[in-house]
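Written below as structure tokens is the structure these notes are about.
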Amino acid sequence: MFRNFRTTAHRPATLDNKTHSAGLKTPALIGFSAVYVSSLLVLLFVFIISCAIDGVIHGGSTLFTSIWRPEEGHFGILPMLSATTALSVSSLLLGWCITLGVVSFIHGFGSRRVAACLHSLLRTMTAMPTVVYGFASVFLLAPVIRDALGGTGFSWLTATLLLALLITPTMSLTISGVVEQLMKESSVTAEALGFSRAEQFVYIALPAAKKWLFSAALLGFGRACGDTMIPTMLAGNAVQHPCLPSDAIRTLTAHIGLVMSSDVGGTAYYSLFVSGGILLIVCIAANLLFRFSVKAKMKKTDEMEI
Amino acid sequence: MKKFFAAVLFAAVFAGAAFAAPLDAFKGQKGKIDIAGGTAHIPVMKEAAKRIMTVNSDIRITVAGGGSGVGVKQVGEGLVEIGNTGRPLKEPEIQKYGLVSFPFAIDGVAVVVNPANKVSKLSFEQLIDIFTGKITDWKEVGGEAGAINLYVREDGSGTREVFTDKAIKKAVVSTKANVVNSNGAMKTAVGKDKRAIGYVGIGHIDKTVKAPKLAGMTATQENAASGKYTVVRDLFMNTKGKPSGLTALFIDYIYTPEGAQIIKDSGYIPVARKK
């Protein structure tokens with residue numbers, strides 16, 4: 001029975017596509033723009049990757065070490081890589097848990113009026129420029145962390161908290177949209193069975209939206225490892241591997257921003273393309289990985305239910 | 001009342017005319033100036049270039065970094081019209097390429113701490129030990145007990161270069177130091193952190209931070225200009241032979257009051273043209 005809700009959830013989309021392609025011809029201009037944009041994107045990828053390869057050749061053996069000291073010819077970007085990984089994973093974990101809580105509140109457990117307020121708050125938050133978060137946190141959050149943990153207050157933890165805040169609205173709205181649809185479709189059946197709203201959410205909507213929980217996490221991960229402003233302003237930018245939450249760290253994105261502002265040419269400059277290339281590859285790899293795992297999982301569960 | 005408005009209007013028009021006057025020299029000119037070299041110069045060069053290109057779109061000015069060495073090499077080999085350096089030219093460089101130097105600004109860097117910090121003076125030795133991570137507590141230099149929080153500027157920053165060369169004598173800064181990417185961000189960080197130490201361009205010192213005496217020297221614009229404060233350097237524009245045409249006009253513009261204002265806004269001390 002529950003499988004049916006999932007399939008009905010996807011049916012409208014496929015129907016739409018069919019009527020669209022049968023009834024309308026794509027205008028030439030739109031086709032042209034599509035080709036133009038995709039070729040630009042492909043060129044961009046090719047450019048970044050080829051520059052990164054160039055960077056590896058120029059930067060040589062020092063690139064994949066842990067010492068960043070350009071004056072002495074050490075261009076190690078490993079600390080930045082580990083910082084990016086640590087920061088995006090930690091903020092994704094935190095953000096995803098908050099997201100799950102928020103979605104549960106909106107569709108299952110909270111009063112409808114408060115839920116509506118929360119929903120519109122989330123919408124507003126998606127449009128918030130990250131520099132605003134960063135700036136406010138320099139004055140409000142960093143001193144609190146400094147007093148609580150010692151250190152400078154510009155740390156892994158500070159950036160994690162803010163990045164989690166940044167990715168929560170996007171993830172919540174993605175999941176919330178799907179859950180809302182599922183709730184509507186299953187409402188008559190659920191009421192007939194005597195389910196409360198909370199039960200309907202937990203036993204029907206949430207399991208059916210499992211795939212979307214994964215893709216929202218993927219979306220959040222992409223934003224978390226790609227964001228530049230928050231790590232630059234709040235993570236402290238010290239070139240060291242993250243060990244404690246109070247450590248200052250420098251992500252690849254912040255590194256690119258910092259070095260680019262004052263350098264052109266030289267190995268330091270080329271190391272930026274390597275950083276950019278790695279960032280691109282990490283994001284693409286995460287994307288593909290999530291897609292494949294979701295696909296495999298869906299297939300498996302579908303087979304089991306049949 | 002009418003008279004008053006007329007006066008205000010007149011003053012505004014007059015001020016506008018006076019403000020635009022130095023740029024009049026570029027009217028009817030055409031061509032290209034390439035500038036490369038020291039990174040500390042970039043904000044001044046970029047702003048000047050922007051203003052010139054706004055009034056005359058037939059002039060193209062490109063500004064690149066690369067460092068003082070690149071500046072000397074490129075201007076010497078004729079690849080650019082103006083090569084910037086953050087140090088005086090060396091004798092062999094002048095002889096080899098026949099370069100002419102134009103010092104136009106003084107770049108001074110001051111060590112800053114939080115205004116609540118009791119430490120009011122530091123020696124060069126103490127400063128080096130603090131930034132290399134040997135001294136980690138404020139009580140070791142006469143302050144209240146508490147870990148010292150280091151703040152430095154990003155690689156390639158001109159301010160960082162002066163500080164590293166002149167204040168800590170090229171010592172290697174601790175990797176634990178936090179990195180910020182502008183003088184403004186440095187002031188915010190140090191101004192909010194009671195245990196912080198960092199450095200800013202002298203032009204950026206205000207109430208939010210405190211500059212302790214460094215080896216007995218007070219960091220002020222006057223002392224930097226007179227030579228009483230030593231963590232400074234001159235910024236130079238260099239040309240191959242005597243400048244002519246557009247290049248000469250550009251250099252003249254940097255020495256006008258408007259040019260001096262750009263230099264001040266970038267956080268440096270303008271220097272009058274040497275006759």
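Quick note on labels: first sequence line is chain A, next is B, and so on, each numbered from 1.
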For K194(B), look at atom NZ and say whether over 12 heavy atoms of other residues, nucleotides or ligands are found less than 6.0 Å away. no
Might you point out which heavy atoms bring V179(B) and R250(A) nearest each other, and give the distance in Å? CG2-NH2, 3.3 Å
Do you know which two heavy atoms are closest between R195(B) and R146(A), and how far apart they sit? NH2-CG, 3.8 Å
For V172(B), is it the side chain, the backbone, both or neither that has a heavy atom under 4.5 Å from a heavy atom of chain A? side chain
Correct closest heavy-atom pair for A177(B) and A238(A) would be O-CB, 3.1 Å
Please report the interatomic distance CE(M233(A)) to OG1(T188(B)), rounded to the nearest 0.5 Å. 8.0 Å
Flag if over 12 foreign heavy atoms under 6.0 Å of NZ, K169(B): yes
NZ/K240(B): more than 12 non-hydrogen atoms of other groups inside 6.0 Å: yes
Determine whether more than 12 heavy atoms belonging to other residues, nucleotides or ligands lie under 6.0 Å from atom CZ of F47(A). no
Go through N237(A), V239(A), T152(A), V138(A) and name the one with the most non-hydrogen pairs under 4.5 angstrom from chain B. T152(A)
Does E77(B) have more than 12 heavy atoms from other residues, nucleotides or ligands lying within 6.0 Å of its CD? yes
A185(B) versus chain A, heavy atoms under 4.5 Å apart: side chain, backbone, both or neither? neither
Taking N149(B) for its side chain and G151(A) for its backbone only, find out whether a donor-acceptor pair lies under 3.5 Å. yes
Determine which pairs satisfy ring-ring contact (aromatic ring centres under 6.0 Å, His included) with at least one residue from residues 137-163 of chain A, sequence neighbours left out, and list them in order. F135(A)-F139(A)
